[in-house]
K.L.:
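Handing you a structure now.
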Amino acid sequence: MKRATSILLLVILTIAAWGGEPAKNFTAMEINHIRVKIPGLFSAHKSFSLHLDSLQDNEFCFPLPGGKLISSYGGRRGHSGVDIKTKANDTIRCIFDGVVRMAKPYAAYGNVVVVRHTNGLESVYSHNSRNLVKSGDVVKAGTPLALTGRTGRATTEHLHLEFRIDGQHFNPSLVLDLKDRTLRKDKLICTKLGNRITVKSKLINKQ
């Protein structure tokens, strides 16, 4: 009986956490660190899908309209995100609806904002000259989050952008067409393999 009750409680908590808006009550670890695991994200299944193809136009905003890609993901130095540049103190906007998990100075990231979206996807915006939001703020696609700067380890004013699943970063080009500054209308398959998480794109055939 106790086992059945525990399983039922876990199911209820999972539905509450991922059935709509992300949870707003964050732990000290979540408020103070970028790379954190999300309890329960892979507890029921080792794989789940993010349906970018189902988003409406008003549910997406390119974070730096007019921005130009100056550094790609990966490479020999293992860049954990992409760098986008416009001008100093330009407005950085939220990509999708969500809740601000973290907003503070953080080591080489400088002033950083982390937003948790539904299903565990997180977006990270860093090197900001000033953050405009705080942890716990509910934000929408297009909400101003910060101003571009060069705080932390940066040589020029720009936005360092990351996407993470359960704390692990993956290529932002799976989510964004960085040349056209648009959303890729694909389905992302997120799979946990041991301690590693893979994110792959599955093209959607629209008849």
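Residue numbers count from 1 along this sequence.
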K.L.:
Treating Arg181 as the side-chain partner and Gly67 as the backbone partner, does any N or O pair qualify as donor plus acceptor under 3.5 Å?
P.N.:
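Flag set: sc Arg181 to bb Gly67 pair under 3.5 Å.
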K.L.:
Under 3.5 Å, is there a donor-acceptor pair between the side chain of Asp137 and the main chain of Lys134?
P.N.:
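Yes, because the side chain of Asp137 sits within donor-acceptor range (under 3.5 Å) of the backbone of Lys134.
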K.L.:
Are Ser123 and His117 linked by a side-chain donor-acceptor pair shorter than 3.5 Å?
P.N.:
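Their side chains do contain a donor-acceptor pair, which is all the 3.5 Å distance test asks for.
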K.L.:
Give a yes or no on whether Val112 and Leu161 share a hydrophobic cluster (residues Ile, Leu, Val, Met, Phe, Trp, Tyr; joining criterion: side-chain heavy atoms under 4.5 Å apart).
P.N.:
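Each belongs to a different hydrophobic cluster.
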K.L.:
Can you see which heavy atom on Cys61 is nearest to which on Cys94, and at what distance?
P.N.:
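Residues Cys61 and Cys94, closest heavy atoms: CB-O, 3.5 Å.
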K.L.:
Side chains of Leu52 and Lys185: closer than 4.5 Å at any heavy-atom pair?
P.N.:
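No, their side chains stay 4.5 Å or more apart.
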K.L.:
Where do Leu55 and Leu183 land on the side-chain contact (heavy atoms from CB on, under 4.5 Å) test, with the steps shown first?
P.N.:
CA-CA 9 Å; Leu55 292 174; Leu183 176 68; 3.8 Å; yes
K.L.:
Just by distance, with hydrogens left out, do Thr148 and Asp90 show a side-chain donor and acceptor under 3.5 Å apart?
P.N.:
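Side-chain D/A pair, Thr148 to Asp90: absent.
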K.L.:
List the steps and the verdict of side chain to side chain donor-acceptor pair (under 3.5 Å) for Thr86 and Lys68.
P.N.:
CA-CA 7 Å; Thr86 51; Lys68 178 182 178 182; over 6 Å; no
K.L.:
Can you name the nearest heavy-atom pair linking Ala103 to Ser135, along with the distance?
P.N.:
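Heavy-atom minimum between the residues: CB-N, 4.3 Å.
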K.L.:
Does the side chain of Pro144 come within less than 4.5 Å of Ile92's, by heavy atoms?
P.N.:
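Side-chain contact under 4.5 Å: no.
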K.L.:
Has Asn58 got more than 12 heavy atoms of other residues, nucleotides or ligands less than 6.0 Å from its CG?
P.N.:
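Above 12, so yes.
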K.L.:
Any ion pair linking Glu157 and Lys87 (charged N to carboxylate O, less than 4.0 Å)?
P.N.:
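No, this pair does not count.
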K.L.:
Ignoring hydrogens, what is the shortest heavy-atom contact between Asp166 and Ile197? Give both atom names and the distance.
P.N.:
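Looking at all heavy atoms of both residues, the closest pair is CB-CD1, 3.4 Å.
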K.L.:
Measuring only between side-chain heavy atoms, which start at C-beta, is Val115 closer than 4.5 Å to Val139?
P.N.:
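In short, these two side chains touch, coming nearer than 4.5 Å.
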K.L.:
Show the nearest heavy-atom pair for residues Ile84 and His158, with the distance to one decimal.
P.N.:
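What the structure gives for the nearest pair is O-CB, 3.4 Å.
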K.L.:
Search all heavy atoms of Leu159 against all heavy atoms of Pro63 and return the closest pair with its distance.
P.N.:
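Taking every non-hydrogen atom into account, CD2-CB, 3.9 Å.
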K.L.:
Run Lys85 and Thr156 through side-chain contact (heavy atoms from CB on, under 4.5 Å) and show every step you take.
P.N.:
CA-CA 9 Å; Lys85 183 174 176 63; Thr156 186; 2.8 Å; yes
K.L.:
Determine whether Leu145 and Leu121 fall in the same hydrophobic cluster, where Ile, Leu, Val, Met, Phe, Trp and Tyr are linked whenever their side-chain heavy atoms lie under 4.5 Å apart.
P.N.:
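Leu145 and Leu121: one cluster.
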K.L.:
Distance check, rounded to the nearest 0.5 Å: Arg93 atom CZ versus Leu132 atom CG?
P.N.:
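Result: 10.0 Å between the selected atoms.
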K.L.:
What's the shortest heavy-atom distance between Leu174 and Arg184, and which atoms?
P.N.:
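It is O-CD, 3.8 Å.
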K.L.:
Quick check against the 3.5 Å criterion: does Asn128 have a side-chain atom that pairs as donor or acceptor with the backbone of Asn111?
P.N.:
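Answer holds: yes.
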K.L.:
Go through the steps to decide whether Tyr125 and Val114 satisfy the test side-chain contact (heavy atoms from CB on, under 4.5 Å), and finish with yes or no.
P.N.:
CA-CA 6 Å; Tyr125 314 77; Val114 180; over 6 Å; no
K.L.:
Please identify which of these residues, Val138, Val99, Val113, meets the side-chain contact (heavy atoms from CB on, under 4.5 Å) condition with Val133.
P.N.:
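Answer to the side-chain contact (heavy atoms from CB on, under 4.5 Å) test with Val133 among Val138, Val99, Val113: Val113.
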K.L.:
Under a single-linkage definition using a 4.5 Å side-chain heavy-atom cutoff for Ile, Leu, Val, Met, Phe, Trp and Tyr, are Phe60 and Ile165 assigned to the same hydrophobic cluster?
P.N.:
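Yes, Phe60 and Ile165 fall within the same hydrophobic cluster.
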K.L.:
Kindly check if the number of other-residue, nucleotide or ligand heavy atoms within 6.0 Å of NZ (Lys200) is above 12?
P.N.:
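No, not enclosed.
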K.L.:
When you measure from the side chain of Asn131 to the backbone of Ala146, do you find a donor-acceptor pair of N or O atoms at a distance under 3.5 Å?
P.N.:
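Such a contact is absent between Asn131 side chain and Ala146 backbone.
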K.L.:
Does the ring centre of Tyr73 sit less than 6.0 Å away from the ring centre of Phe170?
P.N.:
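No: the rings miss the under 6.0 Å criterion.
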K.L.:
Please report the interatomic distance NE2(His79) to NE2(His169), rounded to the nearest 0.5 Å.
P.N.:
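Answer for the NE2-NE2 pair, His79 versus His169, is 9.5 Å.
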K.L.:
Which is it for Lys140 and Glu59 under the side-chain contact (heavy atoms from CB on, under 4.5 Å) test, yes or no, and what are the steps along the way?
P.N.:
CA-CA 8 Å; Lys140 296 289 186 181; Glu59 295 176 310; over 6 Å; no
K.L.:
Does atom NZ (Lys104) have a neighbourhood of more than 12 heavy atoms from anything else shown, all under 6.0 Å?
P.N.:
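Yes.
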K.L.:
Is the closest side-chain heavy-atom distance between Ile31 and Met102 below 4.5 Å?
P.N.:
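Not touching, per the 4.5 Å side-chain cut-off.
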K.L.:
Can you check whether Arg164 reaches Ile34 side chain to side chain, under 4.5 Å on heavy atoms?
P.N.:
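With C-beta onward as the side chain, the pair touches.
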K.L.:
Mind checking whether Val82 and Val124 sit in one hydrophobic cluster, side chains of I, L, V, M, F, W, Y counted as touching below 4.5 Å?
P.N.:
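Different clusters.
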K.L.:
Closer than 4.0 angstrom, basic N to acidic O: yes or no for Glu30 and Arg116?
P.N.:
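Counted as a salt bridge, because a side-chain N and a carboxylate O are separated by less than 4.0 Å.
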K.L.:
His160 versus Ser80: any side-chain heavy-atom pair under 4.5 Å?
P.N.:
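Counting from C-beta outward, His160 and Ser80 do come under 4.5 Å.
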K.L.:
Using 30° and 60° as the class boundaries, would you call the ring planes of Tyr106 and His33 parallel, tilted or perpendicular?
P.N.:
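Answer is perpendicular, since the angle exceeds 60°.
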K.L.:
So, the side chain of Asp177 versus the backbone of Asp180: is there a donor-acceptor pair under 3.5 Å, distance only?
P.N.:
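Checking the backbone N and O of Asp180 against the side chain of Asp177, a donor-acceptor pair under 3.5 Å is found.
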K.L.:
Is any side-chain heavy atom of Tyr109 closer than 4.5 Å to a side-chain heavy atom of Thr151?
P.N.:
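No, their side chains stay 4.5 Å or more apart.
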K.L.:
Can you tell me how far OG of Ser129 sits from CZ of Arg150, rounded to the nearest 0.5 angstrom?
P.N.:
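The distance works out to 12.0 Å.
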K.L.:
Can you measure from CD1 (Ile95) to CG (Leu176) and round to the nearest 0.5 angstrom?
P.N.:
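Those atoms lie 5.0 Å apart.
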K.L.:
Could you state the interatomic distance from CD1 (Ile189) to OG (Ser47), rounded to the nearest 0.5 Å?
P.N.:
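Rounded to the nearest 0.5 Å, the CD1-OG separation comes out at 6.0 Å.
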K.L.:
Do Phe96 and Leu178 sit in one hydrophobic cluster, given that two such residues count as connected whenever their side-chain heavy atoms are within less than 4.5 Å of each other, even indirectly?
P.N.:
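Phe96 and Leu178: one cluster.
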K.L.:
Give, for atom CG of Leu69 and atom CG of Asp83, the distance between the pair rounded to the nearest 0.5 Å.
P.N.:
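Separation between the atoms: 8.0 Å.
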